[in-house]
Amino acid sequence: MKIVIDKNDLLPLVESIVEQVFSRMESRDIFKGRLAVDETEAARLIGLKKHTLRDERLRGSITASQIVGNRIRYTASDLIDYLASRRFQVSD
């Protein structure tokens with residue numbers, strides 16, 4: 001008996017699992033125990049230039065936190081949510 005599953009039915013489940021795994025990895029490995037990183041480090045982690053990440057933040061495309069001294073910090077979930085919001089599906 002062969003079971004046929006449409007890939008579009010599995011896509012949300014796979015995306016959810018991948019997001020959870022990356023979330024755990026980001027907070028443990030890349031952030032080295034820190035809760036958040038500065039704009040320079042955040043931009044490096046997601047492959048953007050610092051000014052591009054700043055512009056995205058000012059446009060409201062990515063969330064961030066402002067701490068004492070008006071310094072900007074990004075959490076792992078800020079970066080993951082930003083990347084997830086830019087996902088696209090490649091046509092077959």
Side-chain angles (χ1 to χ4, degrees):
M1 180 170 152
K2 183 176 179 181
I3 298 174
V4 178
I5 300 173
D6 185 278
K7 69 179 181 179
N8 292 324
D9 294 336
L10 286 177
L11 190 59
L13 177 61
V14 171
E15 286 177 344
S16 173
I17 292 168
V18 169
E19 184 176 333
Q20 289 175 28
V21 169
F22 276 120
S23 179
R24 290 182 193 139
M25 289 173 51
E26 294 285 345
S27 62
R28 290 184 188 152
D29 298 335
I30 296 175
F31 277 46
K32 299 175 184 150
R34 297 173 288 171
L35 294 176
V37 294
D38 64 19
E39 204 148 56
T40 300
E41 181 71 3
R44 185 188 68 76
L45 288 170
I46 61 174
L48 295 177
K49 299 211 182 279
K50 181 180 173 182
H51 71 274
T52 303
L53 180 59
R54 182 200 63 228
D55 292 347
E56 288 290 275
R57 176 177 49 82
L58 294 174
R59 277 193 286 271
S61 299
I62 185 169
T63 58
S65 300
Q66 187 174 18
I67 63 173
V68 175
N70 295 327
R71 294 176 294 165
I72 302 299
R73 296 293 182 265
Y74 296 86
T75 64
S77 61
D78 292 334
L79 302 179
I80 291 168
D81 291 347
Y82 173 76
L83 292 174
S85 73
R86 280 159 176 61
R87 294 185 59 80
F88 64 95
Q89 189 166 352
V90 178
S91 301
D92 289 333

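All of these numbers come straight from a predicted model, not from anything done at the bench. Atom set for the values below is all heavy atoms of this structure, side chains included, hydrogens, waters and symmetry mates excluded.
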* List the steps, then state whether side-chain contact (heavy atoms from CB on, under 4.5 Å) holds for V37 with R73. => CA-CA 5 Å; V37 294; R73 296 293 182 265; 5.8 Å; no
* Yes or no on side-chain hydrogen bond (donor to acceptor under 3.5 Å, both in side chains) for T75 and D78, after CA distance, side-chain angles and deciding distance? -> CA-CA 5 Å; T75 64; D78 292 334; 3.2 Å; yes
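Closest approach of D6 to N8, counting heavy atoms only: OD1-N, 2.7 Å. Heavy-atom minimum distance, T63 versus Y74: O-CD2, 3.5 Å. Taking both residues in full, the closest heavy atoms of R54 and E39 are given as CA-OE2, 3.6 Å, listed atom of the first, atom of the second, then distance. Across every non-hydrogen atom of A42 and L53, the tightest pair is CB-CD2, 3.6 Å.
Side chains of T40 and R44 form no contact here, defined as non-hydrogen atoms less than 4.5 Å apart. Here the side chains of L79 and I62 are in contact, with some heavy-atom distance below 4.5 Å. In this structure, the side chains of R71 and D38 stay at 4.5 Å or more apart for every pair of heavy atoms.
The neighbour count for L58 CG, taken as heavy atoms of other residues, nucleotides or ligands under 6.0 Å away, is above 12. More than 12 non-hydrogen atoms from other residues, nucleotides or ligands lie less than 6.0 angstrom from CZ of R59.
L10 and V4 fall into different hydrophobic clusters, where Ile, Leu, Val, Met, Phe, Trp and Tyr side chains are chained together by heavy-atom contacts under 4.5 Å.
R86 and E56 are joined by a salt bridge, as a carboxylate oxygen and a charged side-chain nitrogen come within less than 4.0 angstrom of each other.
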